[in-house]
S.K.: 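Quick one: the structure is below, and I'll ask about it shortly.
Worth knowing before you read on, the calculation uses all heavy atoms, side chains too, and leaves out hydrogens, waters and symmetry mates. Computed from a predicted structure; not experimentally measured. Residue numbering restarts at 1 for every chain, and letters A, B, ... go by the order of the sequence lines.
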Number of protein chains: 2
Amino acid sequence: MTKLTNTSDQILHCARSLIIAGGYNGFSYADIAEVVGIRKASIHHHFPSKVDLVRTLLVTYREEAEAGIAELQRHHPAPVDQLRAYTGYWAACIGDPTNAFCVCALLATQIPVLPPEIVSEVRAHFRTLSTWLTAVLEHGARQGSLALSGTTQSEAEGFMAAVHGAMLSARAYGDADVFRVITEPLIDRLVAVHP
Amino acid sequence: MTKLTNTSDQILHCARSLIIAGGYNGFSYADIAEVVGIRKASIHHHFPSKVDLVRTLLVTYREEAEAGIAELQRHHPAPVDQLRAYTGYWAACIGDPTNAFCVCALLATQIPVLPPEIVSEVRAHFRTLSTWLTAVLEHGARQGSLALSGTTQSEAEGFMAAVHGAMLSARAYGDADVFRVITEPLIDRLVAVHP
DNA sequence: GGCAACCTACCTTCTAGTAGGATGATCGTC
DNA sequence: GACGATCATCCTACTAGAAGGTAGGTTGCC
């Protein structure tokens, strides 16, 4: 239970929102300073460079994501419910502008201009997510609750890509509902047709 | 047949590549000046402001996209083939770093920090694409060559989102093959199972 | 005393954008 | 065909502000 008044946490939280809005080059130390109510130089005390700040932010984000997945798996034993919980989590986020995109997905779009330390964290998140989804689909297929068309890996990559694309469309249209419209059929299709 | 040595075309072409790499805030007039072999001030002669430059670039991009779709429809009468031609076009682009992403899809990720004139162009492109895909799916469903699960609109949005997500994954993994792995099953699934 | 947290003041480099001048092609006019 | 005027294109030189980052000092807690 980290206290919310912790300055470095405030900086990280603020930076995350700003990245979600405009990516790596879309925010500055000055922007954070204004929101947190601190001077630019003080941010450098907590995070010497911008790369340090964003890398720390991503490490935290990945930990939270893994914890979230673990939590989600404890609450939902059935693979279908795990998938629904995952897309449901994001459906809830889309409405909140400061949380309407996966930080790693957004940064991934800018990979060619990102510092290498950031790229490796982003890439690692994609692998984590894809590995987890593969396991969930694999589980569902084994127990017969999910019907896969191609390989488990390709289905997992397709699912992840569709979710990210749904976030993008929701942002493009400025309409949160689009996310649900796209992701719900995604799961319905996987649910095995039982006679 | 516009001549390739046209300076303003060179500027637009260069800016497009730079946006594809890093988005709206990921490039500067200085970057373009260096590539085109011209001074910064000369770019301002052709495009007074950055917004002018990017808006012009998007208008051109959208025209090219619409022309490409028209061409594609002339060459491929069958809806399935139109979808394959569309994903095939992007599959070919993914390999080339300067063309590995849809400009509008990339800019859409940064909508919250984009000038409104840019946002409306990006949004318009999404609507154009979605409208076209809806028509193609509708056509295929009517003639029985495509099997849709939900509404035509939701299938179209899902298809577009999956393609955009596939571009993102290809970039995240740094692996062009991922795009094909994700998009090919997408079309296979739509092809009606004929007994 | 030592140290974390914060400050003011400053640096360099980059940002989009401007002012105004040089060059050269195209133009109607004689 | 020669004439000057106009205009597009490009230049040098500059601006104000924002970028990330640094130096060094003050405060207050353990």
Side-chain angles (χ1 to χ4, degrees), chain A residues 2-58 60 103 106-107 110 112-119 121, chain B residues 2-58 60 107 110 112-119 121:
Chain A
T2 41
K3 46 178 174 172
L4 299 166
T5 43
N6 182 317
T7 303
S8 79
D9 282 352
Q10 275 183 277
I11 295 170
L12 289 171
H13 180 262
C14 174
R16 186 193 287 199
S17 301
L18 291 170
I19 289 177
I20 287 170
Y24 190 81
N25 291 313
F27 79 102
S28 71
Y29 271 45
D31 295 328
I32 298 173
E34 200 179 348
V35 176
V36 179
I38 211 178
R39 295 310 172 109
K40 265 182 5 171
S42 307
I43 303 174
H44 282 285
H45 166 72
H46 294 278
F47 307 99
S49 78
K50 197 176 181 180
V51 174
D52 291 320
L53 169 55
V54 177
R55 206 196 49 241
T56 306
L57 180 159
L58 288 179
T60 308
V103 186
L106 207 140
L107 287 175
Q110 306 174 2
V113 297
L114 254 35
E117 302 94 316
I118 307 299
V119 174
E121 289 297 330
Chain B
T2 42
K3 45 179 175 172
L4 299 165
T5 43
N6 184 316
T7 303
S8 80
D9 282 352
Q10 276 183 277
I11 294 170
L12 289 171
H13 180 262
C14 175
R16 185 193 288 200
S17 301
L18 290 169
I19 289 177
I20 287 170
Y24 191 80
N25 291 312
F27 78 101
S28 71
Y29 270 45
D31 295 329
I32 298 173
E34 200 179 348
V35 176
V36 178
I38 211 179
R39 294 310 172 109
K40 267 184 3 172
S42 306
I43 303 174
H44 282 284
H45 166 72
H46 293 278
F47 307 99
S49 77
K50 198 176 180 180
V51 173
D52 291 320
L53 170 54
V54 178
R55 205 197 50 242
T56 307
L57 180 159
L58 288 179
T60 307
L107 287 175
Q110 306 174 3
V113 297
L114 253 36
E117 301 95 317
I118 307 299
V119 174
E121 289 297 330

S.K.: So what does F27(A) hit on the nucleic acid, given a heavy-atom distance under 4.0 Å: a base, only sugar-phosphate, or nothing?
M.R.: sugar-phosphate
S.K.: Looking at Y24(B), is its backbone amide N or carbonyl O close enough to the side chain of Q110(B) to form a donor-acceptor pair, meaning the two atoms are under 3.5 Å apart?
M.R.: yes
S.K.: Rounded to the nearest angstrom, tell me the gap between atom CG in L53(B) and atom P in dA16(C).
M.R.: 10 Å
S.K.: What is the distance, rounded to the nearest whole Å, between atom NE2 of H44(B) and atom P of dG17(C)?
M.R.: 6 Å
S.K.: Please report, rounded to the nearest Å, how far the C1' atom of dA16(C) is from the CG atom of N25(A).
M.R.: 15 Å
S.K.: Rounded to whole Å, please give me the gap between CD1 in I43(B) and P in dT15(C).
M.R.: 11 Å
S.K.: Around E34(A), counting heavy atoms of other residues, nucleotides and ligands shown, do more than 12 lie under 6.0 Å from its CD?
M.R.: no
S.K.: Could you state the atom-to-atom distance from NZ of K50(B) to C1' of dA18(D) in whole Å?
M.R.: 13 Å
S.K.: Within the 4.0 Å limit for protein heavy atoms, which parts of nucleotides 5-11 of chain C are touched? Write it as a string from 5' to 3', B for base, S for sugar-phosphate only, - for none.
M.R.: BSBB---
S.K.: Rounded to whole angstrom units, what separation is found between the CG atom of L18(B) and the P atom of dA16(C)?
M.R.: 11 Å
S.K.: Which residue in the set V36(B), I19(B), D31(B) passes side-chain contact (heavy atoms from CB on, under 4.5 Å) when paired with C14(B)?
M.R.: V36(B)
S.K.: Does K50(A) offer a backbone N or O that forms a donor-acceptor pair with the side chain of Y29(A) under 3.5 Å?
M.R.: yes
S.K.: Identify the heavy atoms of A15(A) and L57(A) that sit nearest to each other, and give their distance.
M.R.: CB-CD1, 3.6 Å
S.K.: Does S28(B) put a side-chain nitrogen or oxygen below 4.0 Å from OP1 or OP2 of dT15(C)?
M.R.: yes
S.K.: Test side-chain contact (heavy atoms from CB on, under 4.5 Å) on L114(B) and V54(B) and set out the steps.
M.R.: CA-CA 11 Å; L114(B) 253 36; V54(B) 178; over 6 Å; no
